Amino acid sequence: MKFYSEVTEEMYDTIEALQVAEKKVNREAEKEKDISEIFDLVKEASELEKKTLKKMTDYDQKYGFGCVAKDLLKKAGVDENLILSFGPTYRNHATVKKDSFNDILKEFLGK
């Protein structure tokens, strides 16, 4: 007796072979769905990062270079007495002691 799979649209000699084939197809479909969801989140995060960086740039232009870093750290509850050094570099970032502003911001956002 042969078994027909509506999922693969093929005939199989045993029910077990049919189940294995359908499981493989279903797993691949689930994998594709999952990677699509991840890809959509990555795209969304990328767009949000662009908006955030634009807003941060606008803030610095409006209130002075380095203000966004200083004010974000203050809002995050980082000790105001830390020595902040701001200066234009090839990456244009703030340095707090030996940690970069981005590391502190990531730590804060991870809470």
Side-chain angles (χ1 to χ4, degrees):
M1 180 175 186
K2 295 272 187 178
F3 300 92
Y4 178 74
S5 168
E6 291 182 8
V7 174
T8 65
E9 298 179 349
E10 293 182 18
M11 298 293 289
Y12 296 91
D13 294 329
T14 66
I15 192 75
E16 291 82 13
L18 177 140
Q19 290 171 337
V20 167
E22 285 184 348
K23 185 177 181 180
K24 182 178 178 183
V25 168
N26 290 337
R27 180 159 172 84
E28 287 301 315
E30 183 179 342
K31 184 178 176 183
E32 180 60 34
K33 178 183 171 274
D34 289 344
I35 198 65
S36 291
E37 287 176 9
I38 292 168
F39 185 75
D40 289 344
L41 289 170
V42 169
K43 283 178 19 181
E44 185 179 328
S46 176
E47 289 302 313
L48 185 56
E49 181 181 26
K50 287 178 191 175
K51 288 178 185 177
T52 302
L53 291 173
K54 169 80 171 95
K55 198 72 165 166
M56 291 171 80
T57 299
D58 294 346
Y59 191 93
D60 268 356
Q61 288 176 350
K62 187 174 182 179
Y63 300 108
F65 181 75
C67 283
V68 71
K70 180 180 169 194
D71 292 346
L72 280 172
L73 291 172
K74 184 193 251 181
K75 185 138 183 99
V78 175
D79 185 5
E80 286 183 37
N81 296 322
L82 287 176
I83 298 171
L84 298 176
S85 63
F86 299 100
T89 64
Y90 72 96
R91 291 187 62 195
N92 195 18
H93 68 278
T95 303
V96 180
K97 291 198 175 176
K98 291 187 180 181
D99 298 323
S100 75
F101 170 73
N102 289 337
D103 292 338
I104 292 172
L105 185 60
K106 284 179 187 175
E107 181 181 329
F108 169 71
L109 295 174
K111 290 182 181 180

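None of the values given here were measured: they were computed from a predicted structure.
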(request) Given side chain to side chain donor-acceptor pair (under 3.5 Å), test Tyr63 with Asp71 step by step and report yes or no. (result) CA-CA 10 Å; Tyr63 300 108; Asp71 292 346; over 6 Å; no
(request) Go through the steps to decide whether Leu53 and Glu49 satisfy the test side chain to side chain contact (heavy atoms under 4.5 Å, CB included), and finish with yes or no. (result) CA-CA 6 Å; Leu53 291 173; Glu49 181 181 26; 4.0 Å; yes
(request) Please lay out, stage by stage, how Glu32 and Glu28 fare under the test side chain to side chain contact (heavy atoms under 4.5 Å, CB included). (result) CA-CA 6 Å; Glu32 180 60 34; Glu28 287 301 315; over 6 Å; no
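Residue-environment remark: CD (Glu6) stays at or below the threshold of 12 foreign heavy atoms within 6.0 Å. Atom CZ of Phe39 sits in a sparse spot, with 12 or fewer heavy atoms from other residues, nucleotides or ligands closer than 6.0 Å.
Note: Lys70 NZ to Leu72 CG = 12.5 Å, rounded to the nearest 0.5 Å. To the nearest 0.5 Å, atom NZ of residue Lys55 and atom CG of residue Asp58 are 6.5 Å apart.
Using a 4.5 Å heavy-atom threshold, the side chains of Asp60 and Met56 count as separate.
Among Glu22, Gln19, Glu10, the one residue that satisfies the side-chain contact (heavy atoms from CB on, under 4.5 Å) test with Ser5 is Glu22.
Checking side-chain atoms of Ser46 against main-chain N and O of Val42 turns up no donor-acceptor pair under 3.5 Å.
Residues Lys50 and Glu47 are paired through a salt bridge, judged by an N-O separation under 4.0 Å between the basic side chain and the carboxylate.
In terms of hydrophobic clustering, with Ile, Leu, Val, Met, Phe, Trp and Tyr side chains grouped at heavy-atom distances under 4.5 Å, Tyr4 and Leu18 are assigned to different clusters.
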